[in-house]
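Right, one structure below, let's go through it.
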Amino acid sequence: QVRLVESGGGLVQAGGSLKLSCTASGRTFGTYAMGWFRQAPGKEREFVSAISWHGSTTSYADSVNGRFTISRDRARSTVYLQMNSLKPEDTAVYYCTIERDTESVRNGQGKYWGQGTQVTISS
């Protein structure tokens with residue numbers, strides 16, 4: 001069993017920045033990819049970003065590419081999402097997930113999910 005806990009969400013003005021964190025605990029053995037999804041009220045959950053075990057492969061949704069940066073600290077079983085130039089459209093609950101590889105993360109195949117952290121961008 002794996003537990004994922006997100007943190008770092010909050011309220012910021014458009015153009016500002018936030019850094020989200022997600023830490024995995026429990027029986028996390030071997031290599032795995034991690035990533036982020038988000039969901040706004042009344043909308044489908046959408047892919048944001050993913051990163052491989054060694055960090056050599058990263059993937060971003062077109063809507064955030066160039067503004068967001070994903071990274072990870074393997075020793076701490078933690079993935080980060082640095083979000084810059086935030087827009088009101090980025091307002092959503094952000095969820096962390098874990099899976100075998102980045103492709104599986106991107107396809108929404110993650111077996112485990114965190115409970116989410118709220119990100120609100122005001123204009």
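For the numbers below, each heavy atom of this structure counts, side chains included, while hydrogens, waters and symmetry mates do not.
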### Query
Taking only residues two or more places apart in sequence, or in another chain, which ones meet Thr31 in a side-chain hydrogen bond (donor to acceptor under 3.5 Å, both in side chains)?
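Partners of Thr31 under the side-chain hydrogen bond (donor to acceptor under 3.5 Å, both in side chains) test: none.
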### Message
Restricting to side-chain hydrogen bond (donor to acceptor under 3.5 Å, both in side chains), what partner residues turn up for Arg100, sequence neighbours left out?
### Response
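Counting only residues at least two positions away or on another chain, Arg100 forms no side-chain hydrogen bond (donor to acceptor under 3.5 Å, both in side chains).
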Within this structure, what is the [atom1]-[atom2] distance for the pair [X] and [Y], rounded to the nearest 0.5 Å?
| X | Y | atom1 | atom2 | answer |
| --- | --- | --- | --- | --- |
| Asp73 | Tyr80 | CG | OH | 5.0 Å |
| Ser104 | Ile98 | OG | CD1 | 12.0 Å |
| Lys111 | Tyr32 | NZ | OH | 15.0 Å |

### Query
What do you reckon, is CD of Gln115 surrounded by more than 12 foreign heavy atoms closer than 6.0 Å?
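It does not: Gln115 CD has 12 such atoms or fewer within range.
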Any link between [X] and [Y] through a network of hydrophobic side chains (Ile, Leu, Val, Met, Phe, Trp, Tyr) touching at under 4.5 Å?
| X | Y | result |
| --- | --- | --- |
| Val79 | Trp53 | yes |
| Val93 | Val48 | no |
| Met34 | Phe47 | no |
| Val2 | Val105 | no |

### Message
Quick check: do Arg74 and Arg72 have side-chain heavy atoms less than 4.5 Å from each other?
### Response
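Yes, side chains in contact.
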### Message
Quick check: do Glu103 and Gln109 have side-chain heavy atoms less than 4.5 Å from each other?
### Response
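SC-SC contact between Glu103 and Gln109 ruled out.
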### Message
Determine whether the aromatic ring centres of residues Trp113 and Phe37 are separated by less than 6.0 angstrom.
### Response
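That pair passes the under 6.0 Å test.
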### Query
Would you say Glu6's side chain and Thr117's backbone share a donor-acceptor pair under 3.5 angstrom?
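Judged by distance alone, no pair lies under 3.5 Å.
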### Task
For residues Lys43 and Gln39, report the shortest heavy-atom separation together with the two atoms involved.
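Nearest pair, atom of Lys43 first, then Gln39: O-NE2, 3.0 Å.
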### Task
Could you name each residue pair satisfying side-chain hydrogen bond (donor to acceptor under 3.5 Å, both in side chains) that touches residues 86-99, not counting sequence neighbours?
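Found Arg38-Asp90, Arg38-Tyr94, Arg67-Asp90.
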Please tabulate, for the side chains in residues 58-66, all donor-acceptor contacts under 3.5 angstrom to protein atoms that are two or more places apart in sequence or on a different chain.
unit_1: Ser59; atom_1: OG; unit_2: Arg106; atom_2: NH1; d: 2.3
unit_1: Tyr60; atom_1: OH; unit_2: Ile70; atom_2: N; d: 2.9

### Query
How would you list, by chain and number, every residue that makes a side chain to side chain contact (heavy atoms under 4.5 Å, CB included) with Ser52, sequence neighbours excluded?
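Ser52: side chain to side chain contact (heavy atoms under 4.5 Å, CB included) contacts with Ser56, Thr57, Thr102.
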Side chains of residues 8-24: which donor-acceptor partners sit under 3.5 Å, not counting sequence neighbours?
unit_1: Ser17; atom_1: OG; unit_2: Asn84; atom_2: OD1; d: 2.9
unit_1: Thr23; atom_1: OG1; unit_2: Thr78; atom_2: OG1; d: 3.0

